[in-house]
Amino acid sequence: MRDRTRFLYLAVIGAVLLGILVGFVWPDVGKELKPLGTGFVALIQMVIGPIIFCTIVLGIGSVRQAAKVGKVGGLALGYFIVMSTVALLIGLLVGNVIDPGSGLHLSDAAKQAAEAQAAKGGESTTVDFLLGIIPETLVSSLTDGSVLQALLVALLAGFAIQAMGAKGQPILRTIEHFQRLTFRILAMIMWAAPVGAFGAIAAVVGETGLEALKSLAIIMVAFYITCLLFVGVVLGSILWLVARINLWSLLKYLGREFLLILSTSSSETALPRLIAKMEHLGVSKTVAGITVPTGYSFNLDGTAIYLTMATLFIAEATGAPLQFGEQIALLLFMMIASKGAAGVTGAGLATLAGGLQAHRPALVDGVGLIVGIDRFMSEARALTNFAGNSVATVLVAVWTGDFDRERANQVLAGNAPFDEATLLDEDEDEDNDRPGPDESGDRELSKV
């Protein structure tokens with residue numbers, strides 16, 4: 001089966017190249033192919049809620065100490081806040097050094113596009129965000145496509161099963177079987193990846209073309225380089241110092257997920273696979289189940305860099321450069337606002353416009369300057385966010401003692417390949433993976 005999946009991802013690469021060709025040669029045809037990409041992403045989103053629910057419930061239900069779950073969540077959120085701040089400062093530094101945006105002018109079309117994005121960004125307030133975490137029903141949390149709603153219900157269910165003790169074990173077994181079903185469905189959906197990648201790339205190239213990119217090449221290149229430096233230097237250094245794991249070996253292990261994100265421009269397509277691969281790597285179910293979904297909403301390193309550089313770019317382009325104090329205040333505001341837009345398609349651009357509208361309305365028109373290239377920048381945002389969440393999951397597992405280092409070394413060396421057919425480690429003994437209430441201690445606590 002592994003050989004077959006290798007052909008699948010080679011087909012994805014071929015589909016991306018073909019999509020680029022179609023978008024350039026027949027742009028109108030490329031635009032019409034957009035539903036292919038949209039449909040594939042929708043298929044992935046269809047199973048995200050159930051997978052998150054199953055993973056978290058199994059992780060929490062298997063741990064007897066409720067305080068342990070709180071410790072994992074607290075460490076994860078603290079780390080996310082620190083890294084988001086670091087990403088903001090790096091973007092601020094690079095943006096001030098390259099001084100982007102000079103010499104550009106706004107067109108009427110750009111102003112209209114900016115107004116549309118500002119309206120979209122203003123739709124979500126902090127209160128709406130907090131109330132939106134609460135689903136209408138327990139079941140709707142798995143069907144509405146909200147990661148945070150699924151996370152909330154899964155936490156409640158996990159703690160409830162944990163409190164039931166031995167009586168909760170049959171429920172855990174049932175949820176485990178349902179998890180295997182959802183992962184099987186996901187593996188089937190992945191065979192549509194080449195079609196989805198082809199449609200998504202053809203539509204982007206058909207809508208944008210080359211002309212829209214020429215005058216904006218500097219900010220695009222600078223943004224990509226900044227993201228690479230952040231991942232390679234900052235995340236790579238922290239990962240090595242804390243976990244003694246080489247960043248590039250981890251990124252190579254997650255290569256198919258990066259290809260999937262790049263071809264669909266959506267990091268959500270890789271969320272279920274990241275949970276499965278982190279568990280396969282040696283991260284406990286509790287840490288993987290809590291850190292990954294939470295990181296998708298709160299650990300937005302790439303978005304933080306984008307907001308910083310895009311804000312400075314717009315300020316320069318509109319002839320209203322920001323003083324250092326204004327830069328800090330505006331960007332801190334946007335970092336908080338970005339949490340409310342998490343999980344929304346085009347959230348980066350909408351957050352940028354909404355933040356400018358609320359903080360510096362005079363700069364909103366400048367958003368129209370980057371609308372044309374935002375889709376290309378969104379790919380870098382998604383890839384950086386995904387890399388940040390991958391590293392964060394390993395770090396939290398190490399800090400909580402829930403990381404099997406020997407297992408990780410075997411996986412990263414290629415001696416324990418990931419099962420692409422089931423996305424689960426079927427050969428593991430269930431009793432070891434799901435300790436019961438009569439057993440002396442958690443499997444997670446024994447990992448070092």
Quick one: pull up CZ in F386 and CD1 in I261 and give me the separation to the nearest 0.5 Å.
4.5 Å
State the CG-CZ distance between L281 and F403, to the nearest 0.5 angstrom.
5.0 Å
Using the ring of each side chain (for Trp, its six-membered ring), is Y253 parallel, tilted or perpendicular to H280, with breaks at 30° and 60°?
parallel
Enter the distance from F53:CZ to Q179:CD here, rounded to the nearest 0.5 Å.
11.5 Å
Side chains of T303 and N385: donor-acceptor distance under 3.5 Å anywhere?
yes
Do L172 and V57 have side-chain heavy atoms sitting under 4.5 Å apart?
yes
On a heavy-atom basis, the closest approach of L251 and A387 is CD2-CB, 4.4 Å
Quick one: closest heavy-atom pair of A288 and P293, and the distance?
O-CD, 3.7 Å
I81 backbone acceptor or donor facing S84 side chain under 3.5 Å:
no
Quick check: do V411 and K277 have side-chain heavy atoms less than 4.5 Å from each other?
no
For the backbone of P170 and the side chain of T174, can you confirm whether one donor and one acceptor N or O come within less than 3.5 Å of each other?
yes
List the steps, then state whether side chain to side chain contact (heavy atoms under 4.5 Å, CB included) holds for T291 with Y79.
CA-CA 10 Å; T291 306; Y79 172 81; over 6 Å; no
Under the criterion side chain to side chain contact (heavy atoms under 4.5 Å, CB included), I'd like the reasoning laid out for M83 against F230: C-alpha separation, chi angles, the key distance, then a yes or no.
CA-CA 10 Å; M83 293 311 297; F230 176 79; 3.8 Å; yes
Which atom names give the shortest non-hydrogen contact between L274 and S390, and what distance separates them?
CD1-OG, 3.6 Å
Which atom pair, heavy atoms only, marks the closest approach of P272 to F183?
O-CE2, 3.8 Å
Show your working on side chain to side chain contact (heavy atoms under 4.5 Å, CB included) between T294 and F80 and close with a plain yes or no.
CA-CA 9 Å; T294 306; F80 295 159; 3.9 Å; yes
Student check: side-chain heavy atoms of C227 and L383 closer than 4.5 Å
no
Report yes if the side chains of Y306 and T384 come closer than 4.5 Å at any heavy-atom pair, otherwise no.
no
Can you check side chain to side chain contact (heavy atoms under 4.5 Å, CB included) on R381 and F223, steps first, answer last?
CA-CA 9 Å; R381 289 200 302 266; F223 178 60; 3.6 Å; yes
Between I90 and T308, is there a side-chain heavy-atom distance shorter than 4.5 Å?
no
Rounded distance (nearest 0.5 Å) linking atom CG of N409 with atom CD of E406
8.0 Å
Closest heavy-atom pair, I305 versus G91, reported as atoms and distance to 0.1 Å, is CG2-CA, 4.4 Å
In this structure, CG of L412 is separated from NZ of K252 (nearest 0.5 Å) by 10.0 Å
Taking W240's backbone N and O only, do any of them form a donor-acceptor pair with R244's side chain (distance below 3.5 Å, no angle check)?
yes
Any side-chain heavy atom of V396 sitting closer than 4.5 Å to one from D402?
no
Applying the side-chain contact (heavy atoms from CB on, under 4.5 Å) criterion to L239, which one of L395, V398, V234 satisfies it?
L395
Closest non-hydrogen atom pair, C54 against F178
SG-CD2, 3.3 Å
What's the separation between atom CD in E279 and atom OG1 in T286, rounded to the nearest 0.5 Å?
9.0 Å
Would you mind reporting whether I161 and I175 have side-chain heavy atoms less than 4.5 Å apart?
yes
Do N389 and V292 have side chains that get closer than 4.5 Å, going by heavy atoms?
no
